[in-house]
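Let me begin by presenting the structure, written as structure tokens, before commenting on it.
Model, not experiment: these values are computed from the prediction. Whatever order the structure lists them in is the order used to number ligands and atoms, beginning at 1.
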Amino acid sequence: MTVPRPILFLDVDGPLNPWRADQERTERAGYRTLTMRPTGWELPAPPLLVRLDPRHGPLLLGLGFRLVWATTWKADANTWIAPVLGLPDLPDVEWPLPDLDDPEEVHWKTRRLVDVAAGRPFAWVDDQISAHDRDWVALHHAGRALLHRVDPALGLLPDDFGTLREWAADQGGGGQADDRWRGG
Ligand SMILES: [Mg+2]
């Protein structure tokens, strides 16, 4: 029997778009600086400045995960982000109205991601993960989980890809069977 691939919930701003990084440094490192107009950034608002490294798409596709957007970009990530990275259209998590004042200090994405994963193993890459999220997921998620924080001043680095690749391999995945997206 083939083991389905684990899910990788992927944030955009922070891991892929290192919004806190110095622009010159990111461009020297191979990032492209782009202006975008996703939903909510229509005229007269100024366009959004986004930095992306086109090498990240192939790296992400080779990690052994089922990739899923977990970002406020929602489906706009397929319009604006995926083509630059060379990613196919990916499913995206739909969010309830965020509770920014969570009594357990859990990130507003955390409960939803655990819901969507429904016991399946998942990794989550985001710049806003805290110890509260790790504790909460350990208590409420039946499967394995890797909550991997990326510094928004650095974006995804080779070490991050290495950690994710190893974790996916440890789940015994890599199969293609029965890993269609069944999330929300
Ligand atoms: Mg972020």
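Distances from the Mg ion (ligand 1) to the N/O/S atoms of Asp13 are shortest for O. Looking at Asp11 and the Mg ion (ligand 1) together, the shortest N, O or S contact belongs to OD2. The N, O or S atom of Asp127 with the smallest distance to the Mg ion (ligand 1) is OD1.
Ion pairing of Asp76 with Lys74 is absent here, as no side-chain N (NZ or NE/NH1/NH2) approaches a carboxylate O to less than 4.0 Å. Contact check on Asp126 versus Lys109 returns a salt bridge, with a Lys/Arg side-chain nitrogen under 4.0 Å from an Asp/Glu carboxylate oxygen.
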Between side-chain atoms of residues 146-162 and protein atoms elsewhere (two or more places apart, or another chain), which donor-acceptor pairs fall under 3.5 Å?
unit_1 : atom_1 : unit_2 : atom_2 : d
His148 : NE2    : Asp160 : OD1    : 2.7
Arg149 : NE     : Asp127 : O      : 3.2
Asp151 : OD1    : Ala153 : N      : 2.8
Asp160 : OD2    : Leu157 : N      : 2.8

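The side-chain contact (heavy atoms from CB on, under 4.5 Å) with Val125 is formed by just one residue from the set Thr163, Asp11, Leu164; it is Leu164.
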